[in-house]
Every structure is written in C-alpha cells, then in structure tokens.
Engineer: 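The structure under discussion is supplied below as structure tokens; questions concerning it will follow.
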Amino acid sequence: LAAVDQAQRLIPSSGQTRQIRAELFLVRAQASTGAGRGRAARQALAAADDAEAANPNIKAELDALRAQASALLGRPT
C-alpha cells in the first residue's frame, strides 16, 4: 500500500494506481475480522470511487470490487 501511495503521489492522475489501492484495501478487508474488516471495506469503496473519478473507463472492474466490499459490510449489491 505504501508503494502504491508513492506511485500515486508521483502520478496523481493515474486511475490504475488508484484502482490498485482499492484492490489492496479489499484484500485487507477480506483478511481482517471485526471492525478492521469494516474499516478496510469502507476504504476500498472510497478508493474505488476515487479511481473511477480518475478513469471512468475502469467502471466495470470497480463495480465488481464494490460488490465484494459491500458484501463484506453486509450491504445488498
């Protein structure tokens, strides 16, 4: 995650680094339990929104990620 944050600082308009950030938060959520799971899932959702704002062409991939994060939060997709 730190390396992706660094890449995002170097190339702030990169939708790809923002997508990777969202994916890493999702993996963290999947590997966590309790409050940590919810926090990471919400971070994944926020990062997915940020990635889509930077690159609307990756919406389909981000929608799949959002569905997984929402499921971890117990939200309907």
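Along the sequence shown, residues are numbered consecutively beginning with 1.
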Engineer: For Arg66 and Glu52, what are the C-alpha separation, side-chain angles and deciding distance, and is it a salt bridge (Lys or Arg N to Asp or Glu O under 4.0 Å)?
Structural biologist: CA-CA 11 Å; Arg66 285 185 187 104; Glu52 185 175 348; 2.6 Å; yes
Engineer: Does Arg28 reach the side chain of Gln43, with side-chain heavy atoms less than 4.5 Å apart?
Structural biologist: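 Yes; the side chains approach each other to less than 4.5 Å.
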Engineer: List the steps, then state whether side-chain contact (heavy atoms from CB on, under 4.5 Å) holds for Leu62 with Asp49.
Structural biologist: CA-CA 8 Å; Leu62 295 171; Asp49 291 344; over 6 Å; no
Engineer: Could you tell me which non-hydrogen atom of Ala22 sits nearest to which non-hydrogen atom of Ala44, and how far apart they are?
Structural biologist: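 Shortest heavy-atom separation between Ala22 and Ala44 comes out as O-CB, 3.7 Å.
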Engineer: Output the distance between atom CD (Glu23) and atom CG (Leu65), rounded to the nearest 0.5 Å.
Structural biologist: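 One finds 6.0 Å between CD of Glu23 and CG of Leu65.
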Engineer: Atom CD in Gln19, atom CG in Asp50: separation rounded to 0.5 Å?
Structural biologist: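 Output value for this atom pair is 12.0 Å.
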Engineer: Do you see a donor-acceptor pair shorter than 3.5 Å between the side chains of Gln68 and Gln30?
Structural biologist: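 Indeed, the side chains of Gln68 and Gln30 share at least one donor-acceptor pair under 3.5 Å.
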Engineer: Assigning hydrophobic clusters by single linkage (Ile, Leu, Val, Met, Phe, Trp, Tyr; side-chain heavy-atom cutoff under 4.5 Å), is Ile58 placed with Ile20?
Structural biologist: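 No, it is not one cluster - the side chains of Ile58 and Ile20 are not joined through contacts under 4.5 Å.
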Engineer: Do Leu26 and Arg21 touch side chain to side chain, with heavy atoms closer than 4.5 Å?
Structural biologist: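 No; the side chains remain at least 4.5 Å from each other.
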Engineer: Shortest non-hydrogen contact from Pro56 to Ala53?
Structural biologist: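 Shortest heavy-atom contact: CD-O, 4.4 Å.
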